[in-house]
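These numbers come from a predicted model, not from an experiment. Order of the sequence lines sets the chain letters (A, B, ...), proteins ahead of strands, with each chain counted from 1.
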2 protein chains.
Amino acid sequence: MTKDTDAANATTLSGRAGFLLSELGSRSAGRFAVRLGPLGIAPKHYGLMELLSRNEGLTQQQLGTTLGIHRNVMVGLVDDLEKRGLAERRRHPTDRRAHAIHLTESARGLLPLARSIADEHETELLSVLDGPERAQLLALLQRLAAQPGRPADVHPGLRGSRP
Amino acid sequence: MTKDTDAANATTLSGRAGFLLSELGSRSAGRFAVRLGPLGIAPKHYGLMELLSRNEGLTQQQLGTTLGIHRNVMVGLVDDLEKRGLAERRRHPTDRRAHAIHLTESARGLLPLARSIADEHETELLSVLDGPERAQLLALLQRLAAQPGRPADVHPGLRGSRP
DNA sequence: TGTGATTGTCACTTAAGATGATTATATTCG
DNA sequence: CGAATATAATCATCTTAAGTGACAATCACA
C-alpha cells in the first residue's frame, strides 16, 4: 500500500483506525447486548458478574473503581442484579456503611451460559479471520489497550451497551 | 500462546476482542471529541462534513441513509452545522420537499483543520505500534468492518461521541 | 385527478450517565 | 474523649442523545 492510497483512504473515514475501532466497537457491543437479551442482562451486567465471580464481597465502591464506573451508577447496577436474583448485598464484615456484594447461586448457574454466549459472539465477530489473524488482532488490540493512562481491565466499554 | 492461556484470558474480558473493540472504540471516540472541541464540532459533525465535502447537494434523507442516521436525527445535525455557519440548506433543484445541503466557505476552511486533528488523533492512538503493525491492524479492522450485513462507511460509530 | 408514498419538522418519550444533597458510619487528631 | 472530617451508599434531579409517532407539503403514479 503506497502513501497515496493511505492518504486517499484517510479521508474516507473507514481508512482511519480510530473510526473503525469506534464503529466496530459500537456494533459489537450492540450485537452482544442482543445475544445477552434472553438472559435478561446487558453487557454491563455480565462484566460486573464476571468481576464478582473472581472477587466476592467487594464493596460497591471497589467494584465501581475497578470497572471505571461511578459509585452512584453502581447503585443501579447492583439493583438490577439484585432484582434478577443474581447478586445480593450482605453486611460488610468490618464496615457497617458498606455492602459486601456477592453473587447468588443462580448467578453461578447463569455465568457459564453467559460466557458461552460471549464465546459465540466472539466467534461471529472474528469469523472472517483465520486463526493466526485472530491472534494477531487480539495481540494488537491488547497493546493499544495497555497504553499508559489506562488502568487495566477497566471500562468505559460498558457504556456501549444499548440493547 | 497456548489454548490454556487463551481460555484464561477470555474470562478476563480484556482477553476478548469484542470487549477490547468496544472499550478502545469508546475511548478513542471520546478523545477525538475532546480534540475536536475547540472547533466547536463533535465527531458526528466531522463525519457529516467529510461526507458533504465529497457529495454536495444531497438531501437530508440521502445523507442520513448513507451515514446510517435516522432522518429525524439528521434534522438536528444539519441544524447544528447551520448554526455554526458550516452548512446551508438550499432549495433542491428538482424536489421542493427536500433541501440540498451544501458546505459553506467557512466549512471548507475548517475541514483541513479538522482532518489534521483527526490525523493527530490517529497518531496518538497508534503510537505504541510500529509502521507495519499499524498497517496490519488497519487491514484486519477493515476486514472485520467489511463483513456482510454491514453497509460500507456507515456509522453507528457516530454515536460514540460524548465530548 | 386522487391515492398513497416521501421529505422534513416537531413534540413526546425513553434510556443512561452525571451531579449534588443526604444519612449513616468511620477515621483522625487535638 | 469528642469534634471535625472523610467515606459508603442512596436518592432526586438534570442533561444528553436517540427512538417514535404525528403532521404538512409535495411528489409519483395509476
Side-chain angles (χ1 to χ4, degrees), chain A residues 22-23 26-27 29-30 33-34 36-37 40-45 47-48 57-83 87-102 154-163, chain B residues 22-23 26-27 29-30 33-34 37 41-45 47-48 57-83 87-102 154-163:
Chain A
S22 173
E23 169 174 332
S26 169
R27 283 187 180 273
V34 169
L36 238 28
I41 59 174
K44 54 190 177 185
H45 301 125
L48 178 52
L58 291 190
T59 68
Q60 296 180 190
Q61 183 93 270
Q62 290 171 321
L63 293 170
T65 303
T66 308
L67 294 178
I69 290 171
H70 193 274
R71 70 196 205 288
N72 296 13
V73 178
M74 274 302 306
V75 173
L77 236 42
V78 175
D79 279 353
D80 291 343
L81 288 186
E82 212 173 33
K83 271 179 211 133
E88 51 184 16
R89 290 181 231 242
R90 301 192 192 156
R91 274 222 303 270
H92 189 98
T94 66
D95 188 337
R96 273 192 295 176
R97 294 171 302 181
H99 295 143
I101 312 299
H102 290 259
V154 162
H155 328 179
L158 293 187
R159 299 174 192 154
S161 306
R162 183 187 339 102
Chain B
S22 172
E23 169 174 331
S26 169
R27 282 185 180 274
V34 169
I41 59 173
K44 55 190 176 185
H45 301 125
L48 179 52
L58 292 189
T59 67
Q60 296 180 190
Q61 183 92 272
Q62 290 171 320
L63 292 170
T65 303
T66 308
L67 294 178
I69 290 172
H70 193 273
R71 73 195 204 288
N72 297 14
V73 177
M74 273 304 304
V75 174
L77 236 40
V78 175
D79 280 353
D80 292 343
L81 288 186
E82 214 173 32
K83 271 180 212 134
E88 52 185 16
R89 290 181 230 241
R90 300 190 192 156
R91 274 223 302 272
H92 189 97
T94 66
D95 188 338
R96 275 191 295 175
R97 291 171 303 180
H99 295 143
I101 312 299
H102 290 260
V154 161
H155 329 178
L158 293 188
R159 298 173 192 156
S161 306
R162 181 189 340 104

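Under the side-chain contact (heavy atoms from CB on, under 4.5 Å) criterion, A/L58 pairs with A/N55, A/Q62, A/L63, sequence neighbours left out. Among residues two or more places apart in sequence or in another chain, the salt bridge (Lys or Arg N to Asp or Glu O under 4.0 Å) test is passed with A/R71 by none. Checked against side-chain contact (heavy atoms from CB on, under 4.5 Å), B/H70 has the following partners two or more places apart in sequence or in another chain: B/N72, B/V73. Under the side-chain hydrogen bond (donor to acceptor under 3.5 Å, both in side chains) criterion, A/H102 pairs with A/E56, A/R90, sequence neighbours left out.
At whole-Å resolution of the value, CG in A/D80 and C1' in C/dA16 are 11 Å apart. In this structure, CZ of A/R89 is placed 17 Å from P of C/dA24, rounded to the nearest angstrom. Atom CG of A/L77 and atom P of C/dG17 are 8 Å apart (whole Å). Between the CD atom of A/E82 and the C1' atom of D/dT10 there is a distance of 13 Å, given to the nearest Å. The nearest whole Å value for the distance from the CZ atom in A/R90 to the P atom in D/dA9 is 16 Å. B/L58 has its CG atom 15 Å from the C1' atom of C/dG8, to the nearest Å. One can place CD of B/Q60 at 9 Å from C1' of C/dT9, the figure rounded to the nearest angstrom. Here C/dT9 presents its C1' atom at 13 Å from CD1 of B/I101, a figure rounded to the nearest Å.
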The contact string for nucleotides 20-27 of chain D, one letter per nucleotide 5' to 3', using protein heavy atoms under 4.0 Å with B, S and - for base, sugar-phosphate only and none, comes out as BB---BBS
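Here the rule is side chain to side chain contact (heavy atoms under 4.5 Å, CB included) with B/T59, and of B/H92, B/R97, B/M74 only B/H92 fits it.
Within 4.0 Å of B/H99, counting heavy atoms only, lie sugar-phosphate atoms of the nucleic acid but no base atom.
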May I have the list of side-chain donor-acceptor pairs in residues 76-83 of chain A shorter than 3.5 Å, sequence neighbours left out?
{"residue": "A/D79", "atom": "OD1", "partner": "A/R89", "partner atom": "NH2", "Å": "2.1"}
{"residue": "A/D80", "atom": "OD2", "partner": "A/H45", "partner atom": "NE2", "Å": "2.9"}
{"residue": "A/E82", "atom": "OE1", "partner": "A/R89", "partner atom": "NE", "Å": "3.3"}
{"residue": "A/E82", "atom": "OE2", "partner": "A/R89", "partner atom": "N", "Å": "3.3"}

